[in-house]
There are 2 protein chains.
Amino acid sequence: MSAQPASEGDLDLALRALADPNRRAILGVMRTGPRAVGQIATELGLSQQTTSHHLGVLRAAGLASRTKDGTRHLFAVSTDGLGAVRSYLDDFWPTKLVALKSAVEGRAGADRG
Amino acid sequence: MSAQPASEGDLDLALRALADPNRRAILGVMRTGPRAVGQIATELGLSQQTTSHHLGVLRAAGLASRTKDGTRHLFAVSTDGLGAVRSYLDDFWPTKLVALKSAVEGRAGADRG
DNA sequence: TGTGAGTACAAACAGTCGTTTGTGCTACCC
DNA sequence: GGGTAGCACAAACGACTGTTTGTACTCACA
């Protein structure tokens, strides 16, 4: 088992991590497969330190996972953090909102549209 | 047909808007129905100006819509901006990633979904 | 064991963002 | 029409954060 990702802290970490364009670009690079830090840095034109920092943020947010391969650290996309965001968004979707509305009104909600 | 919400600008606005806890709290309040600015401010313990500012950010990001009712401005959740985020996340979700993950681990993962 | 590649850690700087304070504007009420 | 409630706009302040620069650490290799 894994989940219970809907905690406020995890959601906050994931959303703040996704708010940065460079971090999204890094996720885009890792999307096609695991990449080393230097590889990502070169591909995006970022410095090694900046890339490492962003990868640390992504990892802390559960959006990336690290795998050491010799001296290279391979990073890949992790859906752990994405799950928190996704379930959060789902709660705002119209279908859910209709059900929620009914629940809030508490009644059989036939009186109002 | 309306969409094409996946533009980088829209996605960036939506994610940066969602990155703030107070703005998410505002969305949480509006989730049960449209609310006035003062109502939201009182309910969350924020100042009127701060609340108005955050609502402006949410509106610019397509996450909230405004409806004037007399002197009161009613804000409600809008799924326009949420769609951009959702479709962005979906690109990381598909079974591709699961297969990719298996590839990363180096073995043919036979786990289920 | 010595060398080099690859990466993380730490401090300083600069830009951005959220909050506060002050004010002007619009719509309702008497 | 005068008074008031409700909200947005604008500037200043403080805090957070992304980037840079410098450095220490680990692992592969000869």
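Proteins get letters first, then strands, A, B, ... in listed order; numbering begins at 1 in each.
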Common cluster, I40(B)/L46(B), ILVMFWY with side-chain heavy-atom separation under 4.5 Å
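As far as the 4.5 Å side-chain criterion goes, L46(B) and I40(B) are connected within one cluster.
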Please find the pair of heavy atoms, one from T51(B) and one from A41(B), that lie closest to each other, and give the distance.
OG1-CB, 3.3 Å
If you take all heavy atoms of V29(A) and R35(A), which pair is closest and at what distance?
O-NE, 3.7 Å
Where the side chain of [X] is defined as all heavy atoms beyond and including C-beta, which of [options] is the nearest nucleotide?
X: N22(A); options: dA8(C), dG18(D), dC7(D); value: dG18(D)
X: T71(B); options: dG18(D), dG6(D), dT7(C); value: dG6(D)
X: R72(B); options: dT20(C), dT20(D), dG6(D); value: dG6(D)
X: T50(B); options: dA8(D), dT19(C), dA8(C); value: dT19(C)
X: H73(A); options: dT19(C), dT7(C), dC17(C); value: dT7(C)
X: R66(B); options: dC17(C), dA8(D), dA8(C); value: dA8(D)

Give a yes/no answer on whether the side chain of S52(B) brings an N or O atom under 4.0 Å of OP1 or OP2 in dC7(D).
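It does not, given that no N or O in the side chain of S52(B) lies less than 4.0 Å from OP1 or OP2 of dC7(D).
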Within this structure, what is the [atom1]-to-[atom2] distance between [X] and [N], rounded to whole angstrom?
X: L74(B); N: dA27(C); atom1: CG; atom2: C1'; result: 14 Å
X: L44(A); N: dG18(D); atom1: CG; atom2: C1'; result: 15 Å
X: H53(A); N: dT17(D); atom1: NE2; atom2: P; result: 9 Å
X: H54(B); N: dC17(C); atom1: NE2; atom2: P; result: 13 Å
X: L46(A); N: dT19(D); atom1: CG; atom2: P; result: 7 Å
X: L55(B); N: dA8(D); atom1: CG; atom2: P; result: 7 Å
X: D20(B); N: dC17(C); atom1: CG; atom2: C1'; result: 9 Å
X: L58(A); N: dT17(D); atom1: CG; atom2: P; result: 14 Å

Contact nearer the 5' end of DNA chain C, comparing V57(B) with Q48(B)
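Mapping each residue to its closest nucleotide by heavy atoms, the 5'-most match is V57(B).
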Charged N to carboxylate O under 4.0 angstrom, R16(A) versus D12(A)?
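Here R16(A) pairs with D12(A) in a salt bridge, since their nearest N and O are under 4.0 Å apart.
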Checking only heavy atoms, does the side chain of Q49(A) share a donor-acceptor pair with the base of dG22(D) at less than 3.5 Å?
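Check passes, donor-acceptor contact within cut-off.
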Need to verify one output field. Residue with the more 5' nearest nucleotide on DNA chain D, D69(A) or R23(A)?
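Between the two, 5'-proximity favours R23(A).
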T50(A) (side chain) donor-acceptor with S47(A) (main chain) under 3.5 angstrom
no
For R59(A), report the nucleic acid contact type (base, sugar-phosphate, nothing); a contact means any heavy atom under 4.0 Å.
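Contact class for R59(A): none.
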